[in-house]
Amino acid sequence: MRKNIKLRVKNLVNKYQTADPFALAKELDVNILYVPLPEKIRGILVRVLRKKTILLNDKLNYEAQKIVICHELGHVRMHWHAGYFFQHEGIYYSPARYECEANEFAIHLLNYSSDFIYDKDYILEILAKENPNPYEVHKIINALMQIESI
């Protein structure tokens, strides 16, 4: 059964009246810790004493942090039962279902923000599809991470 990710993001934004990933993490009681991580690992979702925590690479700039937190919030909202990490390297593409869903969640959440002006028409075209192509969604995330690279 397919998750309606677009509706999940819309409901989340409406409930908390914000699309700011930092504010949403706070509202969802998710800690964000800035830690030294290998350059290729941008963020990790872990549980510490039953508390959801995002370990964020301390070398990321603010805009890249927002992208990674959006991705990890996708895991928080849809994949609460496990830990995940956001790895970014050039053309890396993970066909894993959970990673694809978290990427789609991130793009939908970022789409509420006017800060990201990658190619709004292209993003809206991809997101308008009932089942967005995971590879296309990953390409958008990859492009945003390169634009906002560390």
Side-chain angles (χ1 to χ4, degrees), residues 2-120 123 126-127 132 134-150:
R2 175 139 166 79
K3 297 175 178 154
N4 190 337
I5 297 170
K6 182 177 184 176
L7 182 60
R8 286 174 183 240
V9 172
K10 179 181 176 186
N11 289 340
L12 181 69
V13 169
N14 287 340
K15 179 176 182 177
Y16 295 108
Q17 295 298 299
T18 184
D20 175 22
F22 295 96
L24 287 171
K26 186 174 182 175
E27 290 289 345
L28 296 171
D29 199 27
V30 176
N31 288 333
I32 299 174
L33 298 177
Y34 300 85
V35 296
L37 293 172
E39 187 177 326
K40 291 181 180 180
I41 297 180
R42 302 301 169 102
I44 303 171
L45 174 62
V46 296
R47 286 180 168 263
V48 178
L49 300 174
R50 297 187 197 182
K51 177 93 171 155
K52 294 176 193 135
T53 302
I54 295 172
L55 303 179
L56 199 59
N57 190 321
D58 63 357
K59 295 172 188 70
L60 295 175
N61 65 33
Y62 179 74
E63 298 303 324
Q65 290 173 10
K66 286 171 64 172
I67 296 167
V68 174
I69 292 171
C70 286
H71 175 92
E72 297 302 337
L73 287 176
H75 289 306
V76 167
R77 296 303 287 180
M78 297 182 296
H79 316 127
W80 56 268
H81 54 282
Y84 298 93
F85 66 93
F86 182 58
Q87 178 177 343
H88 168 75
E89 55 180 65
I91 58 170
Y92 174 77
Y93 169 65
S94 172
R97 185 178 122 222
Y98 288 166
E99 290 304 310
C100 294
E101 289 175 351
N103 280 344
E104 186 179 339
F105 186 96
I107 293 297
H108 280 291
L109 187 54
L110 289 168
N111 197 44
Y112 278 91
S113 172
S114 60
D115 296 1
F116 290 93
I117 314 208
Y118 167 60
D119 183 346
K120 283 279 193 187
I123 292 172
I126 297 300
L127 296 179
Y135 183 71
E136 294 297 322
V137 172
H138 175 75
K139 278 178 28 181
I140 294 168
I141 292 280
N142 191 32
L144 289 172
M145 289 301 294
Q146 287 179 1
I147 291 169
E148 309 300 341
S149 65
I150 55 178

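Scored by the side-chain contact (heavy atoms from CB on, under 4.5 Å) test, L7 finds N4, N11 as partners (sequence neighbours excluded). Under the rule for a side-chain hydrogen bond (donor to acceptor under 3.5 Å, both in side chains), N14 has no partner lying at least two apart in sequence or in another chain. For the side-chain contact (heavy atoms from CB on, under 4.5 Å) test, residues two or more places apart in sequence or in another chain that qualify with L33 are V35, T53, L55. With sequence neighbours left out, the side-chain hydrogen bond (donor to acceptor under 3.5 Å, both in side chains) criterion links K15 to no other residue.
Contact record, Y112 with A19: CB-CB, 3.5 Å, taken as the closest heavy-atom pair. Of all heavy-atom pairs between V48 and V46, the closest is CG2-CG2, 3.9 Å. Of all heavy-atom pairs between I32 and A25, the closest is CD1-CB, 3.8 Å. A pairwise comparison of heavy atoms in L109 and C70 identifies CD2-SG, 3.6 Å as the closest pair.
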- Just do the side-chain contact (heavy atoms from CB on, under 4.5 Å) check on E101 and I5 with the steps written out, would you? CA-CA 8 Å; E101 289 175 351; I5 297 170; 3.9 Å; yes
- Message: Apply side-chain contact (heavy atoms from CB on, under 4.5 Å) to residues I54 and I44 and explain how you reach the verdict.
- Response: CA-CA 6 Å; I54 295 172; I44 303 171; over 6 Å; no
- Query: Given D20 and K66, is the salt bridge (Lys or Arg N to Asp or Glu O under 4.0 Å) satisfied, shown in steps?
  - Reply: CA-CA 8 Å; D20 175 22; K66 286 171 64 172; 5.6 Å; no
- Check the pair L73, L28 against side-chain contact (heavy atoms from CB on, under 4.5 Å), reporting the backbone distance first and the verdict last. CA-CA 9 Å; L73 287 176; L28 296 171; 4.1 Å; yes
- For H71 and E99, what are the C-alpha separation, side-chain angles and deciding distance, and is it a side-chain hydrogen bond (donor to acceptor under 3.5 Å, both in side chains)? CA-CA 8 Å; H71 175 92; E99 290 304 310; 3.0 Å; yes
- Task: For side-chain contact (heavy atoms from CB on, under 4.5 Å), just list the numbers for M78 and R8, CA-CA rounded to whole Å, side-chain angles, deciding distance to a tenth of an Å, and then say yes or no.
- Result: CA-CA 9 Å; M78 297 182 296; R8 286 174 183 240; 3.5 Å; yes
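In terms of modelled atom types and a separation under 3.5 Å, the side chain of K51 and the main chain of D29 share a donor-acceptor contact.
Side-chain contact between V13 and T18 is absent, with no heavy-atom pair separated by less than 4.5 Å. The shortest distance between side-chain heavy atoms of V9 and L12 does not fall below 4.5 Å. Between R42 and L60, some side-chain heavy-atom pair lies under the 4.5 Å cut-off. Annotation: side chain of E39 is not in contact with side chain of K59 (no heavy-atom distance under 4.5 Å). At a threshold of 4.5 Å between non-hydrogen side-chain atoms, the residues N57 and V68 do not count as touching.
Taking CG of N31 as the start and CG of L56 as the end, the distance is 12.5 Å to the nearest 0.5 Å. Between the NZ atom in K6 and the CD1 atom in I107 there is a gap of 13.5 Å [rounded to 0.5 Å]. Atoms CD1 and CG, on I69 and L45 in that order, are 11.5 Å from each other to the nearest 0.5 Å. The distance from the CG atom of L24 to the CZ atom of R77 is 9.0 Å, given to the nearest 0.5 Å.
Listed by first then second residue, pairs satisfying ring pair (Phe, Tyr, Trp, His ring centres under 6.0 Å) with a partner in residues 18-41 read F22-Y62, not counting sequence neighbours.
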